[in-house]
Asker: 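Please read through the structure below; I'll follow up with questions.
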Amino acid sequence: MALYKHGQHLTQSQDAAFDVRMLPGAVAANAGIYRCAVCGDEIGIAKGHILPPQNHHQHRSGLGPIQWQLLVFAQQQ
Ligand SMILES: [Zn+2]
């Protein structure tokens with residue numbers, strides 16, 4: 001689970017981008033932290049980079065494929 005200390009720098013959002021589940025190889029449309037909806041593994045990634053399989057551990061058989069879901073969107077100014 002992602003941790004933070006200074007909550008005044010985070011804002012809750014209802015944006016639909018947080019509901020999309022993406023497979024490895026998809027382009028990350030937003031910079032930030034992505035969480036695997038299946039196992040909870042988390043990564044940080046830059047906008048436009050490819051969501052990876054390579055720094056995610058293997059799911060045990062029967063668990064299904066990696067599904068990245070945006071957890072925290074990093075806003076650039
Ligand atoms: Zn996973």
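Only heavy atoms go into these numbers, but all of them, side chains included; no hydrogens, no water, no symmetry mates. Counting convention: from 1, in listed order, for ligands and their atoms alike.
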Asker: With side chains defined as the heavy atoms from C-beta onward, is the minimum distance between His49 and Val27 less than 4.5 Å?
Answerer: no
Asker: For residues 9-18, please give each side-chain donor-acceptor pair under 3.5 Å, one per line with the distance, not counting sequence neighbours.
Answerer:
{"unit_1": "Ser13", "atom_1": "OG", "unit_2": "Asp15", "atom_2": "N", "d": "3.0"}
{"unit_1": "Asp15", "atom_1": "OD1", "unit_2": "Ala17", "atom_2": "N", "d": "2.8"}

Asker: Are side-chain heavy atoms of Cys36 and Ile66 found at a separation under 4.5 Å?
Answerer: yes
Asker: Is the shortest heavy-atom distance from the side chain of Lys47 to the side chain of Asn30 under 4.5 Å?
Answerer: no
Asker: Pull up every protein N/O/S atom sitting under 2.8 Å from the Zn ion (ligand 1), skipping waters.
Answerer: Cys36 SG, Cys39 SG, His56 NE2, His59 NE2
Asker: Of all the heavy-atom pairs spanning Asp41 and Trp68, show the shortest one and how long it is.
Answerer: O-CZ3, 3.7 Å
Asker: His59 and Cys39: which non-hydrogen atoms are nearest, and at how many Å?
Answerer: NE2-SG, 3.4 Å
